[in-house]
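Beneath this line is the structure, given in structure tokens, with notes to follow.
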Number of protein chains: 2
Amino acid sequence: MRIGELARQSGCGVETLRYYEREGLLPAPARSAANYRQYGERHAERLAFIRHCRALDMTLEEIRTLLAYHDHPERPCHEVNGLIDAHLAHVAARIRQLQALETALVTLRARCNGEAEAEACGILRELSRPLGEDELPDPGEGAHLPGAHG
Amino acid sequence: MRIGELARQSGCGVETLRYYEREGLLPAPARSAANYRQYGERHAERLAFIRHCRALDMTLEEIRTLLAYHDHPERPCHEVNGLIDAHLAHVAARIRQLQALETALVTLRARCNGEAEAEACGILRELSRPLGEDELPDPGEGAHLPGAHG
DNA sequence: CTTGACCCTGTAGTGGCTACAGGGTGTGTA
DNA sequence: TACACACCCTGTAGCCACTACAGGGTCAAG
């Protein structure tokens with residue numbers, strides 16, 4: 001299987017596969033006479049594992065850790081559970097933070113009906129007010145989880 | 001006021017202020033004889049606006065748009081409302097996506113008690129399973145809002 | 001013998017900072 | 001005077017997980 005087919009099968013881009021190889025998540029496959037990468041079932045399975053983890057929003061570093069257990073089936077899986085717990089805590093913290101954000105934005109939005117001039121716009125006025133200490137959640141709480149933009 | 005004081009007052013780093021200046025969010029201030037930046041109240045107020053927006057997880061691009069209205073008080077504020085609505089929709093979409101993620105992670109976590117070997121670990125087994133079409137949310141839905149990591 | 005789909009390597013860009021390196025300024029103390 | 005130390009300057013590189021080229025090679029069909 002060439003890289004394009006694997007990309008289609010897995011739903012990710014060709015360049016992403018080469019990136020995973022550079023990052024050491026996917027082993028470098030054999031090459032054809034024309035220097036094309038030749039992938040087998042093992043690669044496809046490993047990639048499925050990686051994509052499953054990515055769909056759960058794990059970092060490549062977390063995935064590297066999980067792959068190490070995947071590659072050493074005799075090891076105790078204690079750390080795997082810890083990693084999922086930690087990741088879950090990150091996600092939960094991020095949800096709480098975004099909910100606080102949502103509340104703040106709804107309140108903000110209610111301050112104007114969109115028919116004023118900028119001068120009188122309640123939204124712009126509110127945004128001009130400096131924030132108090134703990135008025136909006138500390139991103140530190142959900143450290144390593146991103147904001148509202150992806 | 002020098003840059004360090006403004007940084008302390010606003011709670012952001014000195015390098016962030018220079019970054020905002022490069023990005024055109026903060027105007028370049030006057031300089032002292034020693035070439036130090038000299039900020040006034042206008043800068044502090046503008047920075048408060050920016051930090052308020054950032055606390056609401058807006059992008060610098062969104063903030064640039066809002067600042068344009070801040071700077072042109074005679075313009076109708078219709079677009080301001082639209083921008084907040086759009087941002088709010090992004091945040092709401094991201095929350096839904098993270099909640100789906102949380103559910104999936106809780107289910108995953110329940111598959112192992114952490115006392116197995118990696119070979120038998122239900123978590124690793126589940127992660128090895130390729131994902132179906134719509135099994136986890138399409139990040140496209142919450143476009144421009146980030147994943148679980150910051 | 002040309003078209004077009006595919007493949008290769010290598011490099012740069014994304015956002016919003018953060019962290020240097022390598023230098024200058026200004027105040028307080030020995 | 002000499003030095004330490006905190007602060008400031010510019011410019012560049014790094015973070016993450018890709019994404020998007022530029023500039024070239026390969027191969028089957030028409």
Side-chain angles (χ1 to χ4, degrees), chain A residues 1-26 28-39 47 50-65 67 87 90 94 139-140 142-150, chain B residues 1-26 28-39 47 50-65 67 87 90 94 139-140 142-150:
Chain A
M1 179 169 27
R2 289 188 309 186
I3 197 167
E5 190 181 340
L6 182 57
R8 267 190 304 280
Q9 191 185 99
S10 65
C12 65
V14 161
E15 326 234 336
T16 302
L17 297 185
R18 291 198 279 248
Y19 173 69
Y20 287 164
E21 182 179 326
R22 273 203 308 286
E23 289 297 306
L25 296 177
L26 275 180
R31 298 291 185 121
S32 75
N35 199 32
Y36 291 0
R37 287 172 179 80
Q38 289 181 301
Y39 294 100
L47 180 58
I50 295 169
R51 296 308 286 177
H52 197 145
C53 292
R54 284 296 296 138
L56 292 168
D57 233 335
M58 297 182 200
T59 64
L60 298 193
E61 192 51 45
E62 287 168 333
I63 298 173
R64 244 186 290 270
T65 301
L67 281 171
H87 184 53
H90 285 323
R94 190 77 189 120
H144 120 112
L145 296 106
H149 312 277
Chain B
M1 180 167 32
R2 289 189 307 191
I3 198 169
E5 190 182 339
L6 182 57
R8 266 189 305 279
Q9 189 184 102
S10 65
C12 65
V14 161
E15 326 234 339
T16 301
L17 297 185
R18 290 199 279 247
Y19 173 68
Y20 288 164
E21 182 180 327
R22 273 202 307 287
E23 290 297 306
L25 297 178
L26 276 179
R31 297 292 183 120
S32 74
N35 199 31
Y36 291 0
R37 286 171 180 82
Q38 290 181 302
Y39 295 100
L47 180 57
I50 295 169
R51 295 308 286 177
H52 197 144
C53 292
R54 283 294 297 137
L56 292 168
D57 234 335
M58 297 181 200
T59 64
L60 298 194
E61 192 51 43
E62 287 167 333
I63 298 172
R64 243 185 290 270
T65 301
L67 281 171
H87 185 53
H90 286 322
R94 190 77 189 117
H144 120 112
L145 297 103
H149 310 277

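Every chain is numbered from 1, with letters handed out A, B, ... down the list of sequences. Worth saying up front: this structure is predicted, and the values here are computed from it rather than measured.
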[atom1] of [X] versus [atom2] of [N]: gap in Å, rounded?
X       : N      : atom1 : atom2 : answer
B/Arg37 : C/dG26 : CZ    : C1'   : 18 Å
B/Asn35 : C/dT25 : CG    : P     : 9 Å
A/Arg54 : D/dC16 : CZ    : P     : 12 Å
A/Tyr20 : D/dT19 : OH    : P     : 8 Å
A/Gln38 : C/dC6  : CD    : P     : 17 Å
A/Glu61 : D/dA17 : CD    : P     : 9 Å
B/Glu23 : C/dG15 : CD    : C1'   : 9 Å
B/Ile3  : D/dC8  : CD1   : C1'   : 8 Å

If you only use heavy atoms from C-beta on, which nucleotide in D/dC18, C/dC8, D/dT10 is closest to the side chain of B/Arg31?
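The nucleotide sitting nearest to the side chain is D/dT10.
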Per A/Tyr36 side chain, nearest of listed nucleotides D/dT10, C/dC8, D/dC18: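 Of D/dT10, C/dC8, D/dC18, C/dC8 is nearest to the side chain of A/Tyr36.
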Working to the nearest 0.5 angstrom, can you tell me the gap between [X] [atom1] and [Y] [atom2]?
X       : Y       : atom1 : atom2 : result
A/Gln38 : A/Arg31 : CD    : CZ    : 10.0 Å
B/Thr16 : B/Leu47 : OG1   : CG    : 9.5 Å
B/Ile63 : B/His52 : CD1   : NE2   : 11.0 Å
B/Leu6  : B/Leu17 : CG    : CG    : 5.0 Å

Give the residues of residues 6-19 of chain A touching DNA chain C, defined as any heavy atom closer than 4.0 Å, sorted by residue number.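 Nucleic-acid contacts, sorted: A/Arg18.
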Review point. For A/Arg22 and A/Ser32, take the nucleotide of DNA chain D holding the closest heavy atom to each; which residue's nucleotide lies nearer the 5' end?
Key: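 In this pair, the answer is A/Arg22.
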Closest-nucleotide ordering on DNA chain D, the 5'-leading residue of A/Leu60 and B/Ala34
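The answer here is B/Ala34.
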**Asked** B/His87 side chain to B/Glu62 main-chain N or O, any donor-acceptor pair under 3.5 Å?
**Response**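 Pair absent, no side-chain N/O of B/His87 close to backbone of B/Glu62.
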task = Would you confirm whether B/Arg64, through its side chain, and B/Glu23, through its main-chain N or O, come within 3.5 Å as a donor-acceptor pair?
result =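 Side chain of B/Arg64 to backbone of B/Glu23: a pair is present.
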Problem - Residue whose closest nucleotide on DNA chain C lies nearer the 5' end, B/Arg51 versus A/Glu5 - result: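 Closer to the 5' end of DNA chain C: A/Glu5.
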| field | Shortest non-hydrogen separation from B/Arg51 to B/Gly11 and the atoms involved | value |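 Looking at all heavy atoms of both residues, the closest pair is NH2-O, 4.3 Å.
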